[in-house]
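First the structure, in the form of structure tokens, and then the observations on it.
Counting starts at 1 for both ligands and their atoms, in listed order.
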Amino acid sequence: MNKSKMIVSYQPIEWKGDMVKLLDQTLLPAEEVYLEITEYHEIMTAIKELKIRGAPAIGVAGAYGMVLGAMQILAKSKATFLSELHDVAIAISGTRPTARNLFWAIERMELAAVKGKNVEEIKTILLKEAKKIHNEEADATIELSKNGQELIKDGYTILTHCNTGPLATTGYGTALGIIIYAHMQGKKVQVYADETRPLLQGARLTTWELRKIGIPVTLITDSMAGYFMKKGKIDCVIVGADRIAANGDTANKIGTYSVAVLAKENRVPFYVAAPTSTFDLSLSTGARIPIEQRNQAEVTHIKGIAIAPRYVNAANPAFDVTPNKYITAIITEKGIIRKPITNRKISDKQLKLM
Ligand code: MRU
């Protein structure tokens with residue numbers, strides 16, 4: 001990716017000659033460790049274990065995973081190569097089910113591969129396409145961050161959930177991108193960051209990113225959001241998205257739905273920020289978005305330490321769906337989709353015309 005697009009010193013993912021360099025987000029904020037990955041199964045593990053996470057960044061990782069998978073295929077005929085590449089695509093698609101960006105990126109990679117005349121050309125095309133996806137996703141977050149500015153006034157205090165910054169997107173960020181851009185424009189903004197149980201992306205990553213950039217941040221537990229909204233401390237909520245259905249229903253990190261309901265109750269605007277690669281217009285409503293169910297140990301333990309009795313039953317849905325009626329607007333790189341979304345579909349045309 002073009003380095004001038006980076007506003008921070010770290011990069012969550014980079015292509016380095018014949019390997020992927022990846023910042024292990026599970027070790028942050030204690031350690032900044034970069035992994036060098038040459039094998040697509042390692043990319044799969046990194047995605048599953050949240051070493052790389054956040055919908056757009058997962059898509060970029062999936063695309064580079066396809067490049068690594070292609071490098072490992074020995075077949076010489078185009079037909080056999082494409083068939084084995086499809087097996088790689090299926091395997092990578094199986095890592096995490098909710099973020100649309102992963103499937104969007106893999107579909108793009110497979111469509112690009114077909115255009116190659118022979119195996120060598122396909123491999124070249126795949127690397128080019130992965131870099132293009134990486135670039136475009138970064139650009140999209142820059143554009144949506146600019147578009148979001150009309151909603152952010154100088155002096156705003158913004159509540160956010162999970163982590164949606166450069167780490168999650170490879171660009172400026174989605175929700176955090178808008179906040180970071182506001183800060184770059186000289187607006188005095190501050191953030192209340194939900195810690196985001198169970199894996200603490202808010203506590204570990206959002207605070208880390210905002211402090212590096214110099215934006216004031218107050219860490220709160222997820223259950224404190226309503227308290228601060230009722231006290232009138234929050235001007236608006238901005239969150240990211242993992243998948244947005246055709247009616248605007250939005251899947252995002254577990255806990256987002258509760259924040260949205262609290263925002264409506266307290267008359268606080270609730271904004272979703274996402275690139276259009278996160279939209280899944282094939283799904284009429286959010287009820288059809290697949291929700292990832294993760295290991296119970298992520299709830300019963302924190303960093304390997306048990307916080308519950310042994311063998312207690314725990315549930316761990318990683319995402320929830322916020323119905324469109326709670327969403328004030330969706331901010332994309334193509335423009336802002338404003339209310340009322342209710343009972344109306346977001347069409348391809350609407351997205352293109354914005
Ligand atoms: O499980 P994660 O850490 O991948 O979840 C990330 C989120 O829920 C983000 O809010 C979402 O991907 C949008 S951010 C760019």
Side-chain angles (χ1 to χ4, degrees), residues 12-13 22-28 46-62 95-105 134 137-138 140-145 148 158-180 191 193-206 208-209 222 237-244 250-260 270-280 286 289-295 298-299 316-322 327 330-333:
I13 185 162
L22 194 144
L23 175 57
D24 184 347
Q25 298 189 27
T26 61
L27 301 176
L28 291 172
I47 297 174
K48 274 188 202 154
E49 294 180 355
L50 273 56
K51 292 180 193 307
I52 180 122
R53 30 74 43 209
I58 293 172
V60 173
T95 51
R96 296 195 73 189
T98 305
R100 170 65 194 148
N101 310 58
L102 176 63
F103 304 93
W104 168 86
H134 191 173
E137 285 292 74
T141 71
I142 297 172
E143 288 310 310
L144 75 81
S145 299
I158 302 158
L159 186 132
T160 193
H161 192 71
C162 197
N163 170 264
T164 63
L167 284 172
T169 62
T170 80
Y172 283 15
T174 55
L176 232 50
I178 293 168
I179 295 165
I180 292 167
V191 174
D194 285 350
E195 64 174 349
T196 320
R197 272 287 284 152
L199 293 178
L200 303 170
Q201 290 92 330
R204 295 186 300 104
L205 309 176
T206 298
W208 185 78
E209 293 202 287
D222 298 347
V237 176
I238 321 181
V239 298
D242 280 75
R243 199 184 289 230
I244 302 175
T250 294
N252 191 48
K253 178 53 58 194
I254 191 75
T256 303
Y257 169 49
S258 317
V259 176
F270 182 91
Y271 302 121
V272 170
T276 48
S277 50
T278 303
F279 285 71
D280 188 346
I289 298 176
I291 299 295
E292 178 181 13
Q293 305 291 328
R294 292 184 63 87
N295 200 310
E298 291 178 350
V299 175
N316 191 10
F319 300 94
D320 56 28
V321 175
T322 299
I327 300 171
I330 303 177
I331 304 151
T332 78
E333 77 277 22

D320 CG to I289 CD1 distance, which is reported to the nearest 0.5 Å
10.5 Å
To the nearest 0.5 Å, what is the distance between CD1 (I331) and OG1 (T174)?
9.5 Å
Proximal atoms of ligand 1 relative to A55 (non-hydrogen, under 4.0 Å):
12 (O)
Please could you name the atoms of ligand 1 that T164 approaches to less than 4.0 Å, counting only its heavy atoms?
10 (O), 14 (S)
Are the side chain of N316 and the backbone N or O of N295 linked by a donor-acceptor pair below 3.5 Å?
yes
N or O pair under 3.5 Å between T169 and ligand 1:
no
If you compare all heavy atoms of R100 against all heavy atoms of S277, which two are closest, and at what distance to 0.1 Å?
CG-O, 3.4 Å
Look only at interatomic distance and state if T174 has a nitrogen or oxygen under 3.5 Å from any nitrogen or oxygen of ligand 1.
no
Is there any N or O on G54 that sits under 3.5 Å from an N or O of ligand 1?
yes
Separation between CD of Q201 and OG1 of T26, rounded to the nearest 0.5 Å
11.0 Å
For the pair E292 and R294, find out whether any cationic side-chain nitrogen is under 4.0 Å from an anionic carboxylate oxygen.
yes
Report yes or no: does a heavy atom of P56 sit under 4.0 Å from some atom of ligand 1?
yes
Number the atoms of ligand 1 from 1 as they appear, then name those within less than 4.0 Å of a heavy atom of F319, with their elements.
1 (O), 5 (O), 8 (O)
With heavy atoms of Q201 as the reference, note each atom of ligand 1 found under 4.0 Å away.
1 (O), 2 (P), 3 (O)
I158 vs V237 side-chain heavy atoms within contact, under 4.5 Å:
no
State if R96 counts as touching ligand 1 under the rule of any non-hydrogen atom under 4.0 Å.
yes
Under 3.5 Å: donor-acceptor pair, side chain of T196, backbone of D194
yes
Atoms of ligand 1, numbered as shown, that sit under 4.0 Å from any heavy atom of K253
1 (O), 2 (P), 5 (O), 8 (O)
Is the shortest distance from a heavy atom of A241 to ligand 1 less than 4.0 Å?
yes
What protein heavy atom lies closest to atom 11 (C) of ligand 1? Include the residue and the distance to one decimal.
D242 OD1, 2.9 Å
For atom 9 (C) of ligand 1, the protein heavy atom that lies nearest, with its residue and separation:
N252 OD1, 3.4 Å
For D280 and R243, run salt bridge (Lys or Arg N to Asp or Glu O under 4.0 Å): C-alpha distance rounded to whole Å, both residues' side-chain angles, the deciding distance at 0.1 Å, then the answer.
CA-CA 6 Å; D280 188 346; R243 199 184 289 230; 2.6 Å; yes
